[in-house]
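Chain letters run A, B, ... following the sequence lines, proteins first, then strands; residues in each count from 1.
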Amino acid sequence: MSTIPSISRRNFLKVSAIAGGGMLVGFSMIDKADPALTADEFTPNAYIKITPNGTITLMAPNPEIGQGVKTSLPMIIAEELCVDWQKINVEIAALDAKYGNQVAGGSGSVRGRFEPLRKVGATAKTMLVTAAAQTLNVPAEECHAENGSVIHKASGRKLSYGSLASKAATLPVPSDVKLKDPKDFKIIGTRVKDIDVKKIITGKPLFGIDTRREGMLFAVVARSPAYGKKLKSFDDTETRKLTGIKQVLQIKNSVAVLATSTWAAKKGRDALSLEWEDAGKLESTADHDAAFLKMLSKKAPDTSRNDGDVEAAMTASHQVLDVTYTTPVVSHAQMEPLNFFADVRNGKAELFGPTQVPGSLRSQVAKELNIAPENISIGLPRQGGGFGRKLMPDNGVEAALISAAAKCPVQVQWTREDDMQNDFYRPSAAFRYRASFENGNLLAWHQSSVWLNRGNNSDTYPAGALQNFRAESQGLTTNIPMGYWRAPGHNVLGFAAESFMDEVCHELKKDPVAFRLELMEKAKQQPVGKISYDPDKFKSVIELVAAMSNWGKKQAPGTFLGFSTWFSFNTYIAEVVELKIISGKPRVHKVYCAVNCGKVVNLSGAENQIQGAIIDGIGHAMLTKITFDKGAVVETNFGNYRFLRMKETPLDVVVKFVPSEAPPTGLGEPALPPVAAALANALFAATGKRFRKMPFDEA
Amino acid sequence: MTTFKLSVNNKEMSAEADADTPLLWILRDHLNLVGTKYGCGVAQCGACTVHINGKAIRSCLYPVSAVGNNKIVTIEGLSVNGDHPVQQAWEEFDVAQCGYCQSGQIMAAAALLKRNPKPTDTDIDAAMTNICRCGTHVRMRKAIHAAAGKGGTAK
Ligand code: FES
Ligand code: FES
């Protein structure tokens with residue numbers, strides 16, 4: 001606006017990652033002689049921009065995949081910066097070394113950035129306070145920041161951040177700043193709505209699929225119809241007869257059809273005549289499952305933990321429980337089918353689209369196309385779900401290759417079927433659990449698992465609470481790509497372990513909640529070997545959820561409860577599933593969940609994540625599986641790849657957080673692993689039948 | 001290729017396309033109304049839900065040639081200022097996670113309230129058949145009840 005002062009000078013913060021995920025802060029000055037810099041923006045670091053007209057923009061450094069970090073990360077900055085949340089703008093940062101590790105995965109965005117982002121905000125605030133003190137000619141100690149202004153209480157004078165921006169920009173960056181006492185938090189720990197809520201409810205372009213650029217073509221790609229097959233030849237005569245077709249290109253093992261609209265490109269792709277030939281084994285699920293059972297009957301070569309002597313405790317003189325659980329392959333099926341925009345021309349690449357790993361996308365594109373990384377820009381839209389699928393950057397790499405070959409900007413759109421057939425799946429697994437008992441006590445616990453691709457073990461509870469405990473795991477080699485799916489490993493391990501624990505309680509005739517508490521007490525008083533969890537934190541959630549759900553009290557007729565608890569991503573969860581039998585059929589009526597995840601940043605977002613993970617976990621336990629038939633996926637779309645609909649979801653999911661001032665731990669994933677067991681245990685309570693094979697709906 | 005004249009969000013629009021082109025892609029690629037989403041293309045997920053003469057339909061299997069003089073309303077046209085009671089309730093309850101399914105959900109909920117201003121949980125179960133992969137169902141249900149309380153059909 002008209003009040004912009006004439007001196008022009010900008011500061012840039014140099015940020016580089018240091019061990020432990022912190023930031024190193026340093027400045028380089030661009031002198032006022034630079035004619036390109038006309039406004040006196042205050043950009044104390046890469047995350048904050050304050051213009052003289054008072055516009056405050058905060059950057060969200062990690063990809064937003066529906067886990068809420070476009071809201072929660074800027075909340076952390078805003079807290080220490082002391083600004084009014086209603087008056088700030090938020091942008092998702094493009095890929096840039098300034099922002100450190102820009103990954104969405106491992107429930108790590110808030111965990112890793114909590115302290116560093118607080119410092120980012122506090123540094124800028126301190127500089128603004130100094131600028132105000134100098135302007136007013138008073139000691140800085142007499143000034144404080146509040147709602148985007150600095151106030152000098154004694155004189156009642158108040159200067160807005162905007163009016164201080166150009167002065168603050170000339171100040172040195174303090175190396176040591178004071179952080180707020182958490183007791184004084186005004187934003188962190190409150191309920192804040194998703195930053196994009198207005199855009200979402202009005203259908204504004206937000207997602208990768210909404211990208212539209214001058215001269216852009218739409219591409220749909222024919223990829224191999226089965227794992228183990230490769231392209232032999234193709235004929236595009238019929239395709240070229242259709243309207244809107246611009247180019248047909250072979251890219252490695254695929255054929256891309258470029259057209260003036262998505263529909264034209266899809267019709268063109270479907271009209272291709274393609275010949276595929278065998279290039280490897282054509283694997284089927286039935287073969288995997290048979291191999292699993294064979295492997296489980298033998299001792300696994302890899303033992304991750306072996307306390308006491310399990311075999312001695314499993315001899316004929318003891319009562320032994322020996323059961324097997326199985327979980328299928330599943331697909332990520334994030335709601336927004338994969339897509340990516342790429343414009344690769346003249347040795348430069350501009351990429352924009354959904355990915356959880358922009359950094360590795362850039363290095364792969366650099367390698368494939370021999371373009372210097374600094375000539376590759378990657379922008380990030382809001383993303384229609386992730387669940388781990390986009391930890392693989394194949395969609396972005398493919399788009400870059402197609403644009404480079406086509407020499408024009410391209411939006412590559414995957415159909416749902418393409419997405420289902422070309423995934424990095426959650427591996428299927430089978431688990432054998434054994435326990436032995438003596439005089440009403442649990443004597444030994446043995447868990448053995450086999451997974452597609454590679455073994456996966458967990459050292460968590462009940463290890464540490466039992467004299468005799470052994471865990472072992474092995475992998476079955478496959479040519480079908482396996483990857484990371486929400487709470488990798490834990491997602492099915494939690495089901496098997498906590499279902500078995502319920503069976504153990506049943507054998508012992510002990511209350512499932514009381515018995516877990518007993519185990520925690522043992523792990524605390526006389527731990528066996530190393531323990532990887534905090535028994536007190538476990539107890540905090542177990543006791544809380546028991547109270548929330550009226551556990552152990554008389555339930556209304558036709559109401560049945562199931563309990564489960566799990567620890568992952570440093571977060572403790574306990575859940576109770578409440579079933580009602582309605583006209584002879586069980587319906588999940590309510591779920592109660594207690595969470596100990598340290599400090600909660602955004603109560604609304606956190607609760608939404610927990611509720612979502614629980615519904616996700618119930619749906620995948622009940623309905624969902626991928627079957628391979630000679631390398632081809634059988635469940636190619638939502639007709640037979642099933643998700644919960646409203647009529648199958650709980651009427652309420654009640655979430656409570658254990659109050660904590662500890663640094664935040666994981667949130668997007670940990671509520672999923674326990675829920676399938678809580679459901680199976682509730683179904684047992686209701687029906688007397690054990691559900692040991694997912695999806696339960698087929699049992 | 002044929003030129004189709006369409007009434008979308010109370011405006012006359014036209015698109016030149018093959019007759020079999022689903023309305024979804026006409027909206028997204030020809031008319032640049034990208035709020036309506038693609039999720040499955042087989043009428044299973046409801047991400048593509050729009051209103052035709054006030055009724056919710058899945059536009060991914062609805063050929064443009066079938067539209068005729070019927071009036072189409074998309075998420076962009078549900079209200080002028082984004083303040084349809086369903087939109088307001090969706091904001092109030094902070095329903096969205098990734099947000100991708102939500103324009104379809106909002107259109108489905110708005111159509112439900114139009115024909116049933118005070119739906120019970122059972123009515124909601126029956127009418128809300130769209131997929132939400134993120135699992136926002138609990139909040140959607142609460143938002144629908146809240147919108148109904150405020151007269152969810154008003155415009
Ligand atoms: S895209 Fe139309 S129902 Fe899924
Ligand atoms: S909010 Fe992500 S699919 Fe519904």
Heavy-atom pairs under 4.5 Å with chain A are the metric here; pick the option from [options] that has the most.
options	answer
G39(B), C98(B), C45(B), S103(B)	C98(B)
K142(B), M1(B), Q88(B), Q97(B)	Q97(B)
T74(B), V138(B), N81(B)	V138(B)
M128(B), E76(B), Q87(B), R28(B)	R28(B)
R141(B), E91(B), K37(B), R139(B)	R139(B)

Heavy-atom distance under 4.5 Å to chain B: side chain of [X], backbone, both or neither?
X	value
R587(A)	side chain
L644(A)	backbone
E648(A)	neither
F638(A)	both

Open item on the list: Less than 3.5 Å apart, any donor N or O on the side chain of D18(B) or T243(A) sitting next to an acceptor on the other?
Closed with: yes

Straight-line distance of [X] [atom1] to [Y] [atom2], nearest 0.5 Å:
X	Y	atom1	atom2	value
W25(B)	Q413(A)	CH2	CD	5.0 Å
D125(B)	T649(A)	CG	OG1	6.5 Å
W263(A)	C60(B)	CH2	SG	9.0 Å
I201(A)	E92(B)	CD1	CD	11.0 Å
Y38(B)	W414(A)	OH	CH2	12.0 Å
H137(B)	Q611(A)	NE2	CD	12.0 Å

Has [X] got a side-chain atom pairing as donor or acceptor with [Y]'s backbone, closer than 3.5 angstrom?
X	Y	value
Y100(B)	P337(A)	no
N608(A)	A96(B)	yes
R133(B)	H332(A)	yes
Q102(B)	I200(A)	no
D29(B)	S261(A)	no

Contact leader toward chain B among [options], where contacts are heavy-atom pairs under 4.5 Å:
options	value
D210(A), D419(A), V197(A)	D210(A)
M646(A), R416(A), K647(A)	M646(A)
Q67(A), Q609(A), K70(A), M420(A)	Q609(A)
I614(A), D652(A), I65(A), T260(A)	D652(A)
T71(A), I615(A), D194(A)	I615(A)
Q383(A), K204(A), K267(A)	K267(A)

Open item on the list: Quick check on N69(B): does its CG atom have over 12 non-hydrogen neighbours (other residues, nucleotides or ligands) under 6.0 Å away?
Closed with: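 Open.
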
Task: Neighbour count >12 (heavy atoms, 6.0 Å) for atom NZ, K580(A) - done: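 Yes, the 6.0 Å shell around NZ holds more than 12 heavy atoms from other groups.
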
Open item on the list: Is I131(B) in contact with chain A via its backbone, its side chain, both, or neither, using a 4.5 Å heavy-atom distance?
Closed with: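 Its backbone and side chain both get close to chain A.
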
Task: Interface moiety of Q105(B) toward chain A, non-hydrogen atoms closer than 4.5 Å - done: neither

TODO: Answer yes or no: is there an ion pair linking R191(A) with D94(B), defined by an N-O contact shorter than 4.0 Å?
DONE: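 Answer for the salt bridge query: no.
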
Open item on the list: Using a strict threshold of under 4.0 Å (side-chain N to carboxylate O), is an ion pair present between K198(A) and D83(B)?
Closed with: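 No, no charged N to carboxylate O under 4.0 Å.
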
Task: Non-hydrogen side-chain atoms of V34(B) and I209(A) separated by less than 4.5 Å - done: no

- [ ] Would you please test C134(B) and F387(A) for side chain to side chain contact (heavy atoms under 4.5 Å, CB included) and show each step?
- [x] CA-CA 9 Å; C134(B) 296; F387(A) 309 103; 4.1 Å; yes

